[in-house]
Amino acid sequence: MAYFRSETQRPDFVKLEEEILELWDSEDTFERSVNQRKGGKKFVFIEGPPTANGLPHPGHILTRVVKDLVLRYRTMQGYYVERKAGWDTHGLPVEIEVEKNLRINTKGEIENYGIEKFNKKCKDSVFRYEKEWVNATKRVGFWIDMDSPYITFDNKYIESVWWSLKEIWKKGLLYKGHKVVPYCPRCETTLSSHEVAQGYRDVEDPSIYVKFKLKQPDTYLLAWTTTPWTLLGNIALAVHPENRYVKVRVKARTKEEDLILAESRLDVLESEYEIIEGYTGSDLADLEYERLFDFATIEGGDSQKVVTADFVTLEEGTGVVHIAPAFGEDDYGLCRDKKLGFSQPVNAEGRFTSEVPPLEGMFVKDADRPIIEMLDQRGILYKEERYSHSYPFCWRCGSPLLYYARESWFIAMKSLRDNLIANNEKINWYPAYLKHGRFGNFIDNIEDWALSRERFWGTPLNIWICANCGKEFCVGSVKELKARAKNSVSSDLHRPYIDDVVFECDDCGGEMRRVDDVIDCWYDSGAAPFAQWHYPFEKDAFERNFPADFITEAIDQTRGWFYSLLAISTTIFDTAPYLNVLSLGHILDEKGVKMSKSKGNVVDITSTLDKEGADALRWYFFTAGPLSDDVRFTEKGILEKQKKFLNTLWNSYFFFVTYAVIDEFNPNEKKIPMEKRNAMDRWIISRLNTLTKEVIDSIERFEIHVAARKMEEFVINDLSNWYIRRSRRRFWIVEADFDKDSAYITLFEVLVSLCKLLAPFVPFVTEHIYQKLVRGVSDDVLESVHLCDYPSPEESFIDTELEDSMALTSKLVEAGRRARADAGIKIRQPLKEVVVVCSDKKRKNVERLVGVLKDELNVNEVRFEDDAFVAADAYKQVEVDDDTALFLDTYLDKGLIEEGLVRDLVRRLQGMRKDLDLEYTAKIRIMYEGDAEVKEAIDRFSDYIRTETLAESIEEGKPSESGDKIYEKDWKIGKKEVHLAIKQ
RNA sequence: GGGCUCGUAGCUUAGCCUGGUUGGAGCGCUCGGCUGAUAACCGAGAGGUCUGGAGUUCAAAUCUCCGCGGGCCCA
């Protein structure tokens with residue numbers, strides 16, 4: 001009885017994968033792989049939650065298979081690896097999708113439509129592509145628990161987020177300030193940076209040089225701006241502290257006047273000038289000037305003075321920069337740092353308020369012209385030009401965006417800078433340069449986190465303020481909310497329900513109402529380490545799972561999720577929330593350009609999965625290069641992986657099964673100790689164990705591509721093209737044989753180990769092979785390769801000397817083939833001998849593998865000599881390396897020629913067998929016609945020919961009949977003509 | 001505009017950290033060979049201004065600086 005089932009030679013990998021998916025489903029293999037490790041060491045992973053309101057693209061697939069690889073690997077190593085899926089569900093992108101569908105644009109329109117209905121639509125929309133995500137996730141083999149995922153819009157999740165915000169609030173780190181944001185005055189919406197980036201266009205704007213009068217007669221600071229309307233909000237003028245500035249005397253319309261500007265910007269002056277004085281920027285600090293427009297009220301500090309700022313450049317303008325904190329982020333930050341005042345003469349629609357009577361109600365961009373005219377009339381416009389630059393416009397409606405200070409809530413991250421830096425030190429970054437590079441630089445210069453969003457669909461900001469006395473209160477739980485509420489509390493914590501909840505002020509008895517804002521959805525996902533477990537309302541799961549051992553996402557998350565996790569964890573727990581972070585590159589199209597919807601070059605991953613399958617795709621990603629590098633996506637590349645690697649692996653397995661079936665080989669009955677196996681066997685086992693070591697080392701360093709490439713080389717070169725090719729004949733022996741058993745048991749062991757090694761990388765084909773090789777054959781074994789332990793190297797099986805010997809032998813084989821090619825003698829022609837001239841040490845190494853050398857070079861003898869060897873004329877010499885040379889005896893005697901002829905005949909006969917597609921074990925009868933030399937050779941070697949071709953007889957002559965059972969062919973071998981016939 | 005990162009044969013890439021034999025592979029191409037697991041394999045060959053330039057050095061793909069191009073983040 002056969003122990004193995006025969007196998008198809010050309011697998012349909014896609015079908016195979018679908019069958020494996022069904023197997024895993026029906027046997028709960030994933031759940032069991034996790035649960036059987038319960039009680040073992042923990043390996044904690046956090047899923048960075050994707051948003052399911054768009055289809056998964058190739059980049060998502062990459063992160064999913066990398067996560068899967070690492071988690072399967074750790075699981076097989078015995079770790080208990082829980083894997084909770086997560087969904088990111090809040091935020092502006094979701095709202096924008098819904099707005100598009102409703103064909104509305106502005107906040108006003110949303111309010112008219114109804115926040116309740118709007119948020120319901122948002123909630124429905126976030127799982128629009130859930131099915132596609134779940135399918136893709138399963139299809140590529142990412143094992144993660146999608147049945148009980150964390151969802152950021154869940155009440156429990158929100159409650160945990162509220163708890164954390166209250167912790168921050170209690171520490172006094174949550175405060176209200178202003179944030180300058182890109183703002184569309186028409187849509188009345190702030191835009192995310194991603195949206196802003198979409199809308200840059202080159203435009204021409206007025207650029208004006210304005211004279212700010214100092215408190216000395218006829219002396220002015222000359223400033224430059226491309227947004228005249230912002231002059232109404234001017235608070236200060238900035239100069240660079242170290243730059244050179246000069247006072248120059250110029251002729252104005254009627255009189256002379258003095259202007260101050262940067263020395264290197266003097267060429268902006270249009271008239272003759274005379275330099276009066278020079279200063280550095282810091283000399284100018286604190287100079288006071290007269291207010292340009294005396295309209296808007298200024299609150300909260302000084303104004304109309306010169307300050308220094310490092311961001312002032314000398315590439316354009318005058319080196320004197322007009323500062324309006326309401327309209328520029330740098331400006332706002334500078335005024336805050338220098339404790340200057342603030343003025344906001346523009347309303348939410350981008351129109352001047354009643355504080356500016358001459359311009360009241362006018363849209364700011366339309367006010368540029370009247371403002372320039374006003375300045376000109378007052379004689380303080382030095383000159384006007386046009387200026388081309390790129391400026392952001394609203395991607396929806398095309399309005400120019402305004403940078404605009406809005407009230408906003410902040411987390412005081414700047415005050416925690418040292419803690420962030422210290423906690424970052426606890427994290428291993430892959431690649432390492434991110435730690436002190438991009439990420440380190442970012443937190444070195446960290447700014448406070450603008451947390452609030454004036455929007456609808458998000459976690460409501462849990463702060464209530466007393467309308468009467470201004471007292472703040474932050475709610476930290478649902479229980480607290482209910483306890484404080486004067487009215488009933490909805491079971492849904494979202495807007496608009498939460499907006500109706502009012503408290504009574506402890507201090508004055510006034511009515512406390514919630515601020516209108518929701519929070520940044522980056523805070524939601526950054527809270528995942530605890531919010532996914534509903535901490536602290538439920539404690540166990542979080543305490544087991546913090547901090548995480550591992551997270552991975554693409555490089556763009558450096559300032560996104562990687563940061564928000566660290567920021568929140570630092571404010572609340574003052575520790576790092578993850579210990580290892582692997583940053584991945586992006587997927588580019590085949591030209592090396594990023595994939596984007598607008599370019600239309602996004603590859604449809606499902607078609608790849610339907611054609612080449614998940615293993616080929618995974619293997620392509622894992623071998624393409626360092627995971628931290630961008631990778632070009634080409635279908636050709638994936639197909640090549642399937643052909644080269646998967647097919648070779650398959651064929652190695654197929655070869656084994658084919659002969660194991662014929663021989664009824666049973667691995668359970670044969671135990672052959674390593675020392676009794678031949679050198680070839682010990683070599684491949686040694687290589688396998690060396691490989692195991694290298695693979696583990698590489699995975700531990702997250703050098704996934706190194707591990708994968710080493711395995712690929714092993715499969716193709718060592719196993720398939722060397723071990724199996726060299727060992728083939730051992731499997732062909734018909735009768736029971738010790739050496740044959742050694743070969744079987746060795747190949748079997750290698751294949752099974754290899755499956756385990758490869759299982760985290762290509763989980764489908766390895767599972768299939770395991771099922772056929774192990775599960776179907778032996779009782780009492782684990783039901784899945786993914787339930788097995790990951791191999792660990794068996795040091796006693798590693799024989800580096802033997803590996804070196806084989807490497808040298810292989811070099812000698814190559815050299816011998818070169819010599820044959822030089823001499824024009826084909827390999828099929830046997831030769832008398834080859835002489836190897838080398839050191840004693842090498843000789844000893846090669847001697848144990850001399851059979852391999854003889855076989856590969858088709859020579860009858862291998863002889864070793866020292867340097868003194870002098871070759872006869874017939875010897876062809878080739879160099880092997882520095883101290884090794886090889887001499888091939890090219891002399892052919894009659895016997896050798898006959899042998900060669902016979903080899904040629906056998907080769908033709910084997911070809912004919914293949915033409916007939918005969919079973920490997922089918923017997924044949926041979927008839928031939930040829931000259932006397934052919935007959936003589938065949939007579940002499942007839943035993944050999946019959947063994948090789950499984951012939952029962954070999955006769956001279958032509959078959960008398962013809963038909964299906966007879967196959968005849970004329971051959972030309974060298975100069976001889978031979979007729980061959982095969983009878984079945 | 002700023003920061004970070006990548007750029008090696010037609011394509012995919014090793015080597016770069018720690019400078020030093022004629023810069024290795026694979027795919028594709030040409031020629032020859034081999035072939036009863038393999039759309040495989042083996043040998044020879046063509047194909048490289050190692051993105052451009054400058055510098056450091058006895059010596060640079062490798063270290064430094066300045067460009068160019070791709071990518072990411074931020075303005």
Side-chain angles (χ1 to χ4, degrees), chain A residues 7 9-10 182 193-194 196-197 200 311 313 315-316 328-330 389-390 392 403 431-434 436-442 445 554-560 563 583 585-588 590-594 620 623-626 628-632 634 636-637 639-644 647-659 705-706 709 712-713 716-717 720-722 724-725 727-729 731-732 810 813-822 824-829 856 858 878 882 903 906-907 909-922 948-950:
Chain A
E7 186 57 89
Q9 184 160 10
R10 301 225 183 290
S193 58
H194 173 71
V196 176
Y200 275 93
F311 61 73
T313 66
E315 271 141 41
E316 45 196 12
E329 198 174 346
D330 283 342
H389 60 152
S390 73
Y403 283 87
Y433 53 70
L434 288 175
H436 297 117
R438 186 188 283 213
F439 193 75
N441 292 339
F442 175 57
N445 300 300
I555 177 77
D556 53 278
Q557 295 299 328
T558 315
R559 295 185 183 200
Y563 171 68
S583 161
H586 285 113
I587 311 283
L588 310 178
E590 49 191 359
K591 292 185 196 105
V593 182
K594 125 187 177 155
Y620 177 74
T623 51
S628 52
D629 286 0
D630 292 342
V631 54
R632 287 192 195 196
T634 67
K636 212 177 125 205
L639 193 65
E640 195 183 307
K641 284 300 167 194
Q642 193 197 64
K643 274 165 57 175
K644 271 201 83 78
N647 272 343
T648 307
L649 175 66
W650 182 269
N651 277 308
S652 302
Y653 151 70
F654 173 74
F655 174 87
F656 172 83
V657 169
T658 303
Y659 288 99
H705 69 297
V706 175
R709 285 175 180 183
E712 184 169 288
E713 278 170 31
I716 295 173
N717 297 336
S720 174
N721 287 335
W722 194 247
I724 296 182
R725 186 169 63 79
S727 305
R728 265 188 300 213
R729 305 186 78 84
F731 293 89
W732 294 344
S810 148
V813 169
E814 282 171 29
R817 289 195 178 130
R818 267 202 310 277
R820 275 182 173 272
D822 283 356
I825 301 174
K826 56 191 174 186
I827 292 166
R828 215 178 293 127
Q829 174 60 58
E856 288 288 320
N858 196 14
V878 282
D882 288 349
R903 292 277 294 252
V906 168
R907 150 90 189 92
L909 288 162
Q910 303 288 37
M912 289 169 74
R913 282 188 67 115
K914 199 174 186 178
D915 289 345
L916 290 170
D917 210 13
L918 292 183
E919 292 293 321
Y920 296 160
T921 51
E948 288 295 306
T949 61
L950 294 185

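Reckoned from all heavy atoms, side chains included, excluding hydrogens, waters and symmetry mates. Throughout, a chain's letter reflects where its sequence line sits, starting with A, and its residues are numbered from 1.
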Using purine N1 to pyrimidine N3 plus N6-O4 or O6-N4 for Watson-Crick, or N1-O2 and O6-N3 for G-U wobble, both under 3.5 Å, which nucleotide pairs with [N]?
N      : value
B/rC68 : B/rG7
B/rA40 : none
B/rU13 : B/rG24
B/rU49 : none

As a test of reading the structure: which of [options] is closest to the side chain of [X], going by heavy atoms?
X      : options                : result
A/L588 : B/rA39, B/rA14, B/rG71 : B/rG71
A/R10  : B/rA39, B/rC27, B/rA37 : B/rA39
A/R907 : B/rU35, B/rC73, B/rA37 : B/rU35

Roughly how many Å is it from [atom1] in [X] to [atom2] in [N], rounded to a whole number?
X      : N      : atom1 : atom2 : result
A/R632 : B/rG71 : CZ    : P     : 11 Å
A/F442 : B/rC72 : CZ    : P     : 18 Å
A/I825 : B/rC34 : CD1   : P     : 12 Å
A/H586 : B/rC4  : NE2   : C1'   : 14 Å
A/L434 : B/rU5  : CG    : C1'   : 9 Å
A/Q642 : B/rC27 : CD    : P     : 17 Å
A/K644 : B/rA39 : NZ    : C1'   : 11 Å

Look at all strands and tell whether A/T634 reaches a base, only sugar-phosphate, or nothing, counting heavy atoms closer than 4.0 Å.
-> nothing

Describe the nucleic acid contact of A/F656 in one word from base, sugar-phosphate, nothing, applying a heavy-atom distance below 4.0 Å.
-> nothing

Quick one: the side chain of A/S720 and the base of B/rA40, do they pair up donor-acceptor inside 3.5 Å?
-> no

Kindly indicate whether the side chain of A/R559 and the base of B/rC74 share any N or O donor-acceptor pair separated by less than 3.5 Å?
-> no

Tell me whether the OP1 or OP2 atom of B/rC41 has a side-chain N or O from A/R725 closer than 4.0 Å.
-> no

Any chance you could measure A/N858, atom CG, to A/Q829, atom CD, to the nearest 0.5 Å?
-> 8.0 Å

Taking for each residue the nucleotide of RNA chain B with the nearest heavy atom, is it A/W732 or A/D629 whose nucleotide lies nearer the 5' end?
-> A/D629

